[in-house]
Amino acid sequence: MLDRIPKRDIFAWNALIRARLADRKPSEAILIYCQMLLRGVNADNHTFPRILNAARLGGAFFSGRQVHGHVLKLGLGSDDFVVTALVSMYGDLDGPCSARKILDGSSRRNPVSWTLLMGMYSDQEKPNLALKVFYEMAAAGVPLDSVALATALGASGRLRSVLDGKKIHDLARKSGLELHPLVANVLVKMYFDCEVPGDARALFDRMPAKDMVSWTTVISGAVHTGAFNEGLKLFRELCAEGRKPDHFTVSSVLPACARMSASRHGREIHGYTIRHGVGAGLPAVQNALMDMFVKSGRLESAQKIFFQMAEKDVVSWTVMIMGYSLHGRGEDGVKLFREMERDPAGVAPDAAAYYAVLHACHTACMVEQGRFFFGRIRKPGVEHVALLAGLLARAGKFEAARTFVEKRRMEDRPEVLRAVLDGCRIHRNLPMGKRTAEKLAELEPLNAENYVLLSNIHAAGGRWGSVEGLRRTIRDMGLRTKQACSWIEVGGKFHVFRVGDVFHPRSVRIRWELDRMMEKMREEGLSLDADFSLHDVDEERESIPAGHSELLAIAFGLISTPVGAVIRVTKNLRLCRSCHASAKHISWLTGRDILLKDPLRFHHFRDGECSCRDLW
DNA sequence: TTAGGGTTAG
C-alpha cells in the first residue's frame with residue numbers, strides 16, 4: 001500500500017496513521033511516519049497531533065522530542081492542535097512542568113491546552129495547582145469555555161473548597177454557561193463534594209435539561225452526604241418520570257439501601273436490574289447488590305450473586321469476606337480469602353481486602369491467622385493496626401496488644417484505643433479499660449462518646465460519684481450524647497423507636513408484649529446481665545423498666561409479623577449486654593429468629609443463642 | 001481527517 005501512495009498525498013498518510021492509532025498500535029503509527037519521511041513527504045498540521053499522540057501512548061519520549069524538532073522545522077509550532085498534542089505528550093511523559101514550558105512558549109490563547117494542564121494537576125491529586133492554572137488562564141484573558149470551567153470546578157470539589165467553587169460558579173454565570181449540561185452537572189457534584197448539599201440540590205432543581213448523569217450525580221451526592229432517604233426518593237422520582245436508570249444510577253442508589261438496611265427497596269432495585277438487564281456482568285453493579293444484601297441481613301442472597309458472577313474482582317471478594325464476618329462467620333471469611341488467593345483469575349488482595357480478612361480473624365478470634373495476614377500487608381494503615389490490636393485484646397492478650405501498638409507507634413490513635421477498650425470491656429479489665437478510656441477522652445475532648453465509655457467503666461466499678469462527675473463534664477462542655485434508636489421495616493414502612501417510647505400507635509400493645517416476655521423470662525429463671533455497657537448509663541438505669549429501643553422494636557416485630565417470620569431490627573448504637581441477653585431469651589421463648597443489626601455487626605439470635613458467640 | 005470534560009461498587 002505504502003508504495004502505491006502518490007508522493008504528495010499527505011491525506012492518505014494521515015489516514016494510515018489514524019488507522020494504526022485506532023488499532024492501538026502506536027509504535028506502528030510511528031513506523032509509518034518514518035516511512036513517510038524516507039519518501040520525502042512533509043508532515044502537516046494533521047499529522048503532528050497524531051504522531052505526538054502515538055509517541056505519548058507508546059511511551060516513546062525520545063521519538064516525541066524528535067517529532068517536536070520536526071514541528072519547529074516546519075514552522076507548525078503555533079498551530080493550536082499541534083501545541084495541544086505537544087502539551088499532552090510532554091505532560092504525560094515528562095510531567096506537568098514540562099508541559100507548562102510548551103504552553104508558555106505558545107500563543108497561550110488556546111483554552112484546550114490550558115485545560116489539559118489543569119487536568120494533569122487534578123489527576124495527580126494536586127487540585128490546588130490546577131486552580132492556580134485556571135486563575136492564571138482567566139487573568140491572561142483566555143476564553144473560559146464549558147470544559148475549562150468544568151475542569152476547574154472538579155478541582156474545587158476535590159479540594160473541598162466551596163470558596164473557589166463559588167467564584168468559578170460566578171464566572172460560569174457571567175458567561176452564560178451556568179446551565180450548560182456539562183457545567184451544571186459538575187457544579188452539582190462540586191457542591192456535594194464541598195458538603196453543601198442544599199446548594200447542590202437547588203442547582204439540580206433549576207436545571208432545564210437533566211440527563212442521566214445529572215440524576216446519577218444528585219443521587220450519589222445525596223447518598224454520600226448521608227441523605228439516604230432523599231437518594232431513594234430521587235431514584236423513585238426518576239423512574240416515575242418514565243426514564244430508565246442505567247448501571248451508574250443503580251450503583252449509586254444501592255449503597256443507600258445498604259446503609260439503611262432497606263431490604264425491601266434494595267430487592268426492588270435488584271428486580272429492576274434483572275428486568276432491564278442493567279449491570280448484568282458489571283462488577284460495580286453486582287458488588288453493590290451484594291453489599292446491599294449483606295447489609296440488609298440477607299447473606300444468602302449475596303452469596304447467590306457472588307457464586308454466579310463470572311468475573312469477580314477484588315471488591316467482589318472483599319464484600320463477601322466482609323459479609324461473612326459481619327454475620328458472625330469469621331472462619332468462612334478467612335476460608336474465602338484463601339480461596340481468592342488460589343483463584344486462577346489471579347485477583348491480588350489490596351488494603352481493603354486485607355482489612356476484610358483481618359476483620360474475619362477478629363470475628364472468629366483467630367489470633368495466629370490475624371498475625372499472619374497482618375504480616376503480609378505492605379503498608380498497614382491505622383485501620384489494620386486497630387483490628388489486630390482489637391483481636392489481641394478480645395483474645396485476652398492485653399500485654400501483646402500493648403507492645404504491638406507501641407511498636408507501631410499508634411498508641412495515640414483513637415481508632416486503636418477504641419479497639420483495645422472493647423477487649424477490656426469484654427474481659428472486664430477495669431484498670432486497663434480506665435487508662436485507655438481516659439487517654440481517649442484526652443485525645444478527643446469534644447467527643448461525648450468517650451466520656452460515656454469512661455463513665456461505663458466507673459459504673460462497672462460502682463464509682464457513681466465519678467459517673468456523676470463525667471455527666472457534669474459532658475453538660476458543662478455543652479456536648480450531647482447520641483440518643484439510641486432502633487427501627488424495623490414492616491410492610492415497607494419504617495417504625496422507629498427510642499428508649500421508653502410511647503409514641504407508636506400500638507404502644508400499649510407493644511408494652512404488654514414486652515412485659516409478657518420479661519415475665520416469662522423471670523418464670524424460666526433466665527438471668528439478665530447488668531453490665532459494662534455502651535450506653536449512657538444514667539439513661540440506662542432510668543429506662544430499663546421502660547424498655548430499650550431494640551426491645552420495643554422486637555416486641556413490635558413479634559406482634560406485627562406472621563408467626564415464624566424472621567424479625568429484622570436495626571439499631572444506631574451498639575447493644576448492651578442486658579438487651580443482648582433478652583434477645584437471646586426471646587428467640588428461645590418464641591421460636592423466632594431475630595436478626596439485630598448494630599453499627600458494627602449482625603446478631604443472629606436463634607434458640608437462645610447468638611451468632612456472635614457473646615463476643616462483641 | 002486533528003485536541004481538553006461530567007455519573008458507579010468494598
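First the proteins, then the strands, lettered A, B, ... as listed; each starts at 1.
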Exercise. Which part of the nucleic acid does A:Ala184 contact within heavy-atom distance under 4.0 Å: base, sugar-phosphate only, or nothing?
Worked result: nothing

Problem set entry | Nucleotide of B:dT1, B:dA9, B:dG5 approaching A:His180 most closely (side-chain heavy atoms) | B:dG5

Exercise. With a non-hydrogen cut-off below 4.0 angstrom, is A:Val82 in contact with a base, only sugar-phosphate, or nothing?
Worked result: nothing

For this session: Determine the contact category for A:Asp211: base if any of its heavy atoms lies under 4.0 Å from a base atom, sugar-phosphate if only primed atoms, P, OP1 or OP2 are that close, otherwise nothing.
Result: base

Exercise. Taking CD1 from A:Ile51 and C1' from B:dT2, how many angstroms apart are they, rounded to a whole number?
Worked result: 12 Å

Exercise. Would one find a side-chain N or O of A:Ser252 under 4.0 angstrom from OP1 or OP2 of B:dT7?
Worked result: no

Exercise. A:Phe11 has a side chain; which of B:dG4, B:dT1, B:dG10 sits nearest to it?
Worked result: B:dT1

Exercise. With no hydrogens and no angle check, do the side chains of A:Thr216 and A:Thr249 hold a donor and an acceptor under 3.5 Å apart?
Worked result: yes

For this session: Show your reasoning for whether salt bridge (Lys or Arg N to Asp or Glu O under 4.0 Å) applies to A:Arg275 and A:Glu268.
Result: CA-CA 10 Å; A:Arg275 284 196 306 278; A:Glu268 276 170 19; over 6 Å; no

Exercise. What is the distance from CE of A:Met137 to P of B:dG4, rounded to the nearest Å?
Worked result: 15 Å

For this session: Answer with base, sugar-phosphate or nothing: what part of the nucleic acid does A:Ala356 contact at a heavy-atom distance below 4.0 Å?
Result: nothing

Exercise. Does any residue of residues 299-313 of chain A have a heavy atom under 4.0 Å from DNA chain B, and if so, which ones, in number order?
Worked result: A:Asp313

Problem set entry | Closest to the A:Phe81 side chain, choosing from B:dG5, B:dA9, B:dT2 | B:dT2

Exercise. What nucleotide, of B:dA9, B:dG5, B:dA3, holds the atom closest to the side chain of A:Asp80?
Worked result: B:dA3

Exercise. Quick one: which of B:dG10, B:dT7, B:dG5 gets closest to the side chain of A:Ala353?
Worked result: B:dG10

For this session: Round to the nearest Å and state the distance from A:Asn45 atom CG to B:dA3 atom P.
Result: 13 Å

Problem set entry | Out of B:dG4, B:dA9, B:dG10, whichever nucleotide has its closest atom nearest the side chain of A:Ala288 | B:dA9

Problem set entry | Distance, rounded to the nearest Å, where A:Ile269 contributes CD1 and B:dT8 contributes C1' | 13 Å

Problem set entry | Residue pairs passing the side chain to side chain donor-acceptor pair (under 3.5 Å) test where at least one lies in residues 347-356 of chain A, sequence neighbours excluded | A:Tyr354-A:Arg376

Exercise. When you measure from the side chain of A:Ser251, which nucleotide among B:dT7, B:dA9, B:dA3 comes out closest?
Worked result: B:dA9

Problem set entry | Greater than 12 external heavy atoms within 6.0 Å of A:Gln66's CD | yes

Exercise. Between B:dG4, B:dT8, B:dG10, which one does the side chain of A:Lys295 approach most closely?
Worked result: B:dG10

Exercise. Does NZ or CZ of A:Arg65 lie under 6.0 Å from the centre of the six-membered ring of A:Phe61, at an angle within 45° of the ring axis?
Worked result: yes

For this session: State whether the distance check finds a donor on one side and an acceptor on the other, under 3.5 Å, for side chain A:Asn110 versus base B:dG4.
Result: no

Problem set entry | CZ (A:Arg259) with more than 12 external heavy atoms under 6.0 Å | no

For this session: Have a look at A:Asp350 and say if it touches a base, only the backbone sugar-phosphate, or nothing, with a 4.0 Å heavy-atom cut-off.
Result: base

For this session: Just do the salt bridge (Lys or Arg N to Asp or Glu O under 4.0 Å) check on A:Asp170 and A:Arg173 with the steps written out, would you?
Result: CA-CA 5 Å; A:Asp170 249 4; A:Arg173 209 177 282 130; 2.7 Å; yes

Problem set entry | B:dT7 OP1/OP2 closer than 4.0 Å to side-chain N/O of A:His224 | no

Exercise. Does a donor on one side chain and an acceptor on the other come within less than 3.5 Å for A:Arg56 and A:Ser88?
Worked result: yes

Exercise. Nearest of B:dG5, B:dT2, B:dT8 to any side-chain atom of A:Thr151?
Worked result: B:dG5

For this session: Give the rounded distance in Å between these two atoms: CZ of A:Arg56 and P of B:dT2.
Result: 16 Å

Exercise. With stacking defined as ring centroids separated by under 5.5 Å and planes differing by under 30°, is A:Phe248 stacked against B:dT8?
Worked result: no

For this session: Would you mind classifying the nucleic acid contact of A:His359 as base, sugar-phosphate or nothing, using non-hydrogen atoms under 4.0 angstrom?
Result: nothing

Exercise. With sugar-phosphate meaning primed atoms plus P, OP1 and OP2, does A:Asp291 contact a base, only sugar-phosphate, or nothing at under 4.0 Å between heavy atoms?
Worked result: sugar-phosphate

Exercise. Do we see a donor-acceptor contact under 3.5 Å between the side chains of A:Asn14 and A:Asp44?
Worked result: yes

Problem set entry | Gap between atoms CZ and C1', on A:Phe134 and B:dG5 respectively (whole Å) | 13 Å

Exercise. So, A:Arg298 and A:Gln303: side-chain donor and acceptor under 3.5 Å apart, yes or no?
Worked result: no

Exercise. How would you label the contact of A:Ala352 with the nucleic acid (heavy atoms, under 4.0 Å): base, sugar-phosphate, or nothing?
Worked result: base

Problem set entry | Side-chain donor/acceptor contact of A:Arg50 with base of B:dT1 under 3.5 Å | yes

Exercise. Checking only heavy atoms, does the side chain of A:Thr84 share a donor-acceptor pair with the base of B:dA3 at less than 3.5 Å?
Worked result: yes

Exercise. Within this structure, what is the CG-to-P distance between A:Leu182 and B:dT7, rounded to whole angstrom?
Worked result: 10 Å

Problem set entry | Length of the line joining A:Ile219:CD1 and B:dA9:P, which is rounded to integer Å | 12 Å

